[in-house]
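Worksheet: the structure to be examined is printed underneath.
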Amino acid sequence: MGATTGTNGVVAHGDSARRSWGASHGTAFGSGDPVTLVVPGLGATSGESRIPASGVPGTRVVVTLPSHGDAPDAVPGYWTYPHMAADVLAIANETGATRAIGTSLGAGALTRIVAEQPDRFERLGLLLPAVFDRPRATPAVWAMERLAEAVAEVERTGDRQALRDVVLAEVPEGAAVGDHIEQRVAALLRLGPALRALPDQVPLAGLGDAADMLAEARLPVLVIGATRDPLHPEQVAKATAAALPGARLELIDSPAPMITHRRHLRALITDFLA
């Protein structure tokens, strides 16, 4: 099947297509309008990256940031919210995306875009926001430091067991994860610089007062948080929702909703974007 180009500018080869923006790229699934941008979290496996896109109508453009999947490694100094937001915005503009869903790191990048351009999207989903307008709380910083130290240990010794143990500790007891642990370990091994750079950063740094900036964003927003996830504290989800006039907050009682509540997450997202 040859390539076809719709009015939204997404090139489709059969069921999916890829286009690149520097080190980042977007892969399109489906066809037609609306176009929804999907921005995964740091170190997301391929399966995790697609969860928010499942069942969403129209075209879904799944973003791959540097040092993820088949994208090139990030250049030194890349891991700042302004850089990531600029990459995500470039993909959104090129594909004509009118909706966006971001998970964790992706939610932070989208929040910055909306703070700078309140009318850029028609609908916005923010899953498990990790940080908002102030630095991460101590438990979240410790969790990222443990991951960074375990990655550094692999780099020094070649032994992945310590990193496996840290990743396994994120998984609720009894959860069926298949090859998730090995996929997550492989993803994190490329992200040492990100794990070291991000703990002290906030998405809205340098933009002024978060409440004033986001008060102008009148679009409908779905914020999904977790009650027992140290990397994604519920207080961050609550603060994010409170700052956005059109936001609705959903809290899931789980330390790892992307593992334990995939079906529920998909239902919330598809209903919101229907």
Side-chain angles (χ1 to χ4, degrees), residues 16 18 20-27 29 38-54 60-79 83-84 87-88 91 101-109 127-128 130 140-199 226 229-232 254-262 265:
S16 67
R18 170 178 150 175
S20 294
W21 289 261
S24 301
H25 67 257
T27 303
F29 299 88
V38 180
V39 191
L42 185 71
T45 66
S46 58
E48 289 174 320
S49 299
R50 292 192 298 271
I51 289 173
S54 179
R60 290 86 68 199
V61 180
V62 180
V63 174
T64 302
L65 290 173
S67 300
H68 289 76
D70 58 355
D73 287 343
V75 298
Y78 173 82
W79 294 109
H83 287 155
M84 291 180 286
D87 270 7
V88 171
I91 298 174
I101 309 168
T103 302
S104 188
L105 187 74
L127 282 61
L128 304 175
V141 173
W142 286 348
M144 294 189 76
E145 287 178 349
R146 285 192 295 270
L147 286 169
E149 290 167 0
V151 169
E153 177 70 15
V154 178
E155 293 170 348
R156 286 193 302 268
T157 69
D159 185 356
R160 298 189 178 193
Q161 191 55 50
L163 181 55
R164 289 191 187 97
D165 291 343
V166 174
V167 172
L168 187 59
E170 299 175 346
V171 178
E173 185 175 355
V177 294
D179 60 354
H180 168 80
I181 301 300
E182 292 305 319
Q183 288 188 22
R184 176 92 167 136
V185 165
L188 289 169
L189 284 175
R190 299 180 63 194
L191 293 168
L195 292 167
R196 292 187 291 271
L198 288 169
D229 183 343
L231 281 170
H232 308 99
S254 170
M258 297 287 283
I259 294 175
T260 62
H261 287 70
R262 290 190 176 193
L265 284 171

I need the full list of salt bridge (charged side-chain N to carboxylate O under 4.0 Å, His left out) pairs touching residues 169-180, with sequence neighbours left out, sorted by first then second residue.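 Listed once each, the pairs are Glu170-Arg184.
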
I'd like to check the side chain to side chain donor-acceptor pair (under 3.5 Å) partners of [X]; sequence neighbours left out, ordered by chain and number.
{"X": "Arg190", "result": "Asp73"}
{"X": "His68", "result": "none"}
{"X": "Thr103", "result": "none"}
{"X": "His180", "result": "none"}

With [X] via side-chain contact (heavy atoms from CB on, under 4.5 Å) - residues at least two apart:
{"X": "Pro230", "result": "none"}
{"X": "Ala140", "result": "Arg136"}
{"X": "Glu182", "result": "Arg164"}

Nearest non-hydrogen partners of Pro199 and Ala194, listed with the distance: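 Of all heavy-atom pairs spanning Pro199 and Ala194, the closest is CD-O, 4.3 Å.
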
Return the minimal non-hydrogen interatomic distance between Pro257 and Ala226, and the atom names on each side.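 Distance-wise, the nearest heavy atoms are CG-CB, 3.6 Å.
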
Residues which pass salt bridge (charged side-chain N to carboxylate O under 4.0 Å, His left out) with [X], listed by chain and number, not counting sequence neighbours:
{"X": "Glu149", "result": "none"}
{"X": "Glu48", "result": "none"}
{"X": "Arg50", "result": "none"}
{"X": "Glu145", "result": "none"}

Counting C-beta onward and ignoring hydrogens, is there a side-chain heavy-atom pair between Val39 and Ile91 closer than 4.5 Å?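 A side-chain contact under 4.5 Å is absent here.
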
